[in-house]
Amino acid sequence: QVQLVESGGGLVQPGGSLRLSCAASGSIFEIYTMGWYRQAPGKQREVVARITNGGRINYGDSVKGRFTISRNNTKNWVYLQMNSLKPEDTAVYYCNAYVRPSVFNQADDYWGQGTQVTVSS
């Protein structure tokens, strides 16, 4: 089984910064894409940022220029540096990874439990 554990959420004032971290552990043969999604109350889950194991990155339009995703392939970690935070960034942030658990299994999507980010004065 594959586990994703997020950390780093919390309450921050508008204009502030937070850094989210996510560690993947368990049965892992290879991790392809890792990323972050978010879901605000009453809204659909949306992509925030994703990074492939080759380092290709894409961001959601609303976070471009403010958020930065990075990854440590050796330790199976993914990070999200969030700067210039706005109240509309308030949401539960979920870590996602597309993982092949073993050479005998196909890759599948795995999700963390989510971490709350609240941007408010």
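Note that the numbering runs from 1 along the sequence shown for the chain.
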Notebook entry, point to check: Within a radius of less than 6.0 Å around CD of Glu88, do more than 12 heavy atoms belonging to other residues, nucleotides or ligands occur?
Noted result: yes
| query | Glu6 and Trp36: side-chain contact (heavy atoms from CB on, under 4.5 Å), yes or no, with the steps? | reply | CA-CA 10 Å; Glu6 303 107 334; Trp36 294 92; 3.8 Å; yes
Subject >> Transitive ILVMFWY side-chain link Val47 to Ile31, under 4.5 Å >> reply: no
*asked:* Taking Leu85 as the starting point, is it possible to reach Leu11 by hopping between hydrophobic residues whose side chains are less than 4.5 Å apart?
replied: no
* So which of Leu80, Leu20, Leu18 actually passes side chain to side chain contact (heavy atoms under 4.5 Å, CB included) with Phe67? ->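 So, applying the side chain to side chain contact (heavy atoms under 4.5 Å, CB included) to Phe67 and each of Leu80, Leu20, Leu18, only Leu80 qualifies.
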>> I'd like to know whether Asp109 forms a side-chain contact (heavy atoms from CB on, under 4.5 Å) with Asn96, so could you lay out the CA-CA distance, the side-chain angles of the two residues, the decisive distance to 0.1 Å, and finally the verdict.
In response: CA-CA 7 Å; Asp109 271 313; Asn96 167 265; 3.3 Å; yes
Mind checking whether [X] and [Y] have side chains closer than 4.5 Å, heavy atoms only?
X	Y	answer
Tyr79	Thr68	no
Cys95	Val78	yes
Leu4	Val99	no

Could you go through the side-chain contact (heavy atoms from CB on, under 4.5 Å) check for Arg38 and Asp89 one step at a time? CA-CA 9 Å; Arg38 68 186 182 186; Asp89 294 317; 2.9 Å; yes
Item to check | Side-chain (Thr90) to main-chain (Val119) donor-acceptor, under 3.5 angstrom | outcome: yes
Keeping Arg66 on the side-chain end and Met82 on the backbone end, is there a donor-acceptor pair under 3.5 Å?
no
CZ of Arg50 to CD1 of Ile57, rounded to nearest 0.5 Å, is 12.0 Å
Q) So how far is it from Thr33 OG1 to Ile51 CD1, rounded to the nearest 0.5 Å? A)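 Taking OG1 in Thr33 and CD1 in Ile51, the distance rounds to 9.5 Å.
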Side chain to side chain donor-acceptor pair (under 3.5 Å) evaluation trace for Asn73 with Arg71 = CA-CA 6 Å; Asn73 288 329; Arg71 176 173 174 171; 2.5 Å; yes
Does Tyr110 form a side-chain contact (heavy atoms from CB on, under 4.5 Å) with Gln1? I'd like the steps, not just the answer. CA-CA 10 Å; Tyr110 294 87; Gln1 191 59 278; 3.5 Å; yes
